[in-house]
Amino acid sequence: MRPKILVVDDDEKITSLLRRSLAFEGYEIMTANDGLSGLKAMLTSEPDMVVLDVMMPNVDGWEVCRRIRESGSTVPILMLTAKDEIKDRVKGLDMGADDYLVKPFALEELLARVRALLRRKSDKADTGAGRLVFEDLVLDIDSREAIRSGRAFDLTSKEFDLLHLFMQNPRRVLTRETIMEKIWGYDYSGESNVLEVYIAMLRQKTEEGGAKRLIQTVRGTGYVLKGENG
């Protein structure tokens with residue numbers, strides 16, 4: 001079956017462009033021109049991915065994203081935003097978005113990000129049951145939940161992928177390029193800091209209550225999961 005993608009955007013030109021381009025790539029496309037219509041489409045169609053504009057009247061993309069996640073759906077969400085400020089990016093990620101793309105965007109880059117997110121979704125479906133453990137941190141593969149010192153906390157889709165990668169490679173230094181390729185499946189431009197944003201969010205969750213830091217920065221190289229004593 002062809003992957004089904006829901007495009008939610010009130011800009012008719014962008015919606016038309018994405019409908020034609022994504023259909024040409026072999027995807028089944030549905031469109032909605034506002035947030036409420038997008039939420040209704042989610043309930044009736046169960047898409048494999050959502051491309052979601054932020055700035056829409058009545059119900060904006062952030063609220064749509066929040067409601068999708070509150071419903072329990074883990075569908076990959078790529079947000080389109082005209083705002084390039086860090087606080088706006090972080091807001092979308094906090095709401096549960098998997099990725100974001102700033103307008104105006106190159107069509108080739110959007111298609112690459114769509115392929116990467118769908119590939120990650122397929123990989124998750126093949127993930128076996130079980131748990132990964134590092135010191136007092138536990139990652140439950142089935143529930144996609146993390147537990148540290150008896151305290152459970154939820155992870156967004158991309159946070160889970162990132163922590164899963166670290167826990168599969170404990171004490172191994174992962175370069176920034178390796179992480180970007182494994183998690184996003186394509187290269188960001190050098191000035192992008194999406195990885196740093198996610199690292200900060202993971203640290204905030206895993207270090208809550210004064211727990212020691214496990215995700216360490218290796219200056220000029222990348223990151224490593226290790227304890228204070230290595």
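Quick note: numbers below take in every heavy atom, side chains included, and nothing from hydrogens, waters or symmetry partners. This chain uses plain numbering: 1 for the first residue, then up along the sequence.
No continuous path of hydrophobic side-chain contacts links Val133 to Leu165 [ILVMFWY only; heavy atoms under 4.5 Å]. Hydrophobic clustering keeps Phe134 apart from Val173 (ILVMFWY residues linked when any side-chain heavy atoms are closer than 4.5 Å, directly or through intermediates). Residues Met167 and Val138 are members of separate hydrophobic clusters, defined by side-chain heavy-atom contacts under 4.5 angstrom among Ile, Leu, Val, Met, Phe, Trp and Tyr. Hydrophobic clustering of Ile, Leu, Val, Met, Phe, Trp and Tyr side chains at less than 4.5 Å, counting indirect connections, unites Tyr27 with Leu107. Taking hydrophobic clusters as Ile, Leu, Val, Met, Phe, Trp and Tyr residues chained together by side-chain heavy-atom distances below 4.5 Å, Phe105 shares a cluster with Val114.
Two residues are said to be in side-chain contact when any heavy atoms from C-beta on lie closer than 4.5 Å; Leu39 and Ile68 meet this criterion. Contact check for Met95 versus Arg69: no side-chain heavy atoms found under the 4.5 Å cut-off. For the pair Arg19 and Val7, the minimum side-chain heavy-atom distance is 4.5 Å or more. At least one side-chain heavy atom of Ile183 sits less than 4.5 Å from a side-chain heavy atom of Lys158. Ile14 is listed as a side-chain neighbour of Lys103, based on a closest heavy-atom distance under 4.5 Å. At least one side-chain heavy atom of Thr217 sits less than 4.5 Å from a side-chain heavy atom of Arg203. Using a 4.5 Å cut-off on side-chain heavy atoms (C-beta onward), Thr15 and Asp10 make no contact. Using a 4.5 Å heavy-atom threshold, the side chains of Leu18 and Leu110 count as touching.
Within the model, atoms CD1 of Ile179 and CG of Asp161 stand 12.5 Å from one another, a figure rounded to the nearest 0.5 Å. With values rounded to the nearest 0.5 angstrom, Met79 atom CE is found 12.0 Å from Leu101 atom CG. Here the straight-line distance linking atom NZ of Lys182 with atom CG of Leu174 works out to 9.5 Å at 0.5 Å rounding.
For the residue pair Glu159 and Tyr198, the shortest heavy atom distance occurs at CG-CD2, 4.0 Å. Of all heavy-atom pairs spanning Leu139 and Ala146, the tightest one is CD1-CB, 4.2 Å. Nearest heavy atoms, Val75 versus Pro47: CG2-O, 3.5 Å. Heavy atoms only, all atoms of each residue included: Leu6 and Gly38 are closest at CD2-O, 3.7 Å. When all heavy atoms of Cys65 and Ile77 are compared, the closest pair comes out as SG-CD1, 3.8 Å. Counting all heavy atoms, side chain and backbone alike, Leu118 lies closest to Pro3 at CD1-CB, 4.1 Å.
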Under 3.5 Å, side-chain donor or acceptor atoms of residues 54-62 against the rest of the protein: list the pairs with distances, not counting sequence neighbours.
unit_1 : atom_1 : unit_2 : atom_2 : d
Asp60  : OD1    : Trp62  : N      : 3.2
Asp60  : OD1    : Glu63  : N      : 2.9

Q: Please report the C-alpha distance between Leu117 and Leu78 in whole Å, then the side-chain angles of each, then the deciding distance to 0.1 Å, and finally whether the side chain to side chain contact (heavy atoms under 4.5 Å, CB included) criterion is met.
A: CA-CA 8 Å; Leu117 286 174; Leu78 170 62; 3.9 Å; yes

Q: Could you go through the side chain to side chain contact (heavy atoms under 4.5 Å, CB included) check for Ile199 and Phe166 one step at a time?
A: CA-CA 11 Å; Ile199 291 291; Phe166 280 125; 3.7 Å; yes

Q: Could you please spell out the steps behind the side chain to side chain contact (heavy atoms under 4.5 Å, CB included) verdict for Ile147 and Arg131?
A: CA-CA 10 Å; Ile147 304 169; Arg131 289 185 166 194; 4.0 Å; yes

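The closest donor-acceptor contact from the side chain of Arg2 to the backbone of Ala23 lies at 3.5 Å or more, if one exists at all. Of the possible polar contacts, one joining the Ser45 side chain to the Ala41 backbone as a donor-acceptor pair under 3.5 Å is found. Using modelled atom types, one side-chain atom of Asp140 and one backbone atom of Ser143 make a donor-acceptor pair closer than 3.5 Å.
The 12-atom threshold is not exceeded at CD of Glu12, counting heavy atoms of other residues, nucleotides or ligands nearer than 6.0 Å. Within a 6.0 Å radius of NZ in Lys205, other residues, nucleotides and ligands contribute more than 12 heavy atoms. Under a cut-off of 6.0 angstrom, the local environment of CZ in Arg151 is crowded, with over 12 non-hydrogen atoms contributed by other residues, nucleotides or ligands. Crowding of Glu46 atom CD: a count of heavy atoms from other residues, nucleotides or ligands under 6.0 Å not exceeding 12.
Taking a cutoff of 4.0 Å between a charged side-chain nitrogen and a carboxylate oxygen, Arg176 and Glu196 qualify as a salt bridge.
Taking the salt bridge (Lys or Arg N to Asp or Glu O under 4.0 Å) definition, one finds that Asp11 meets it with nothing, sequence neighbours left out.
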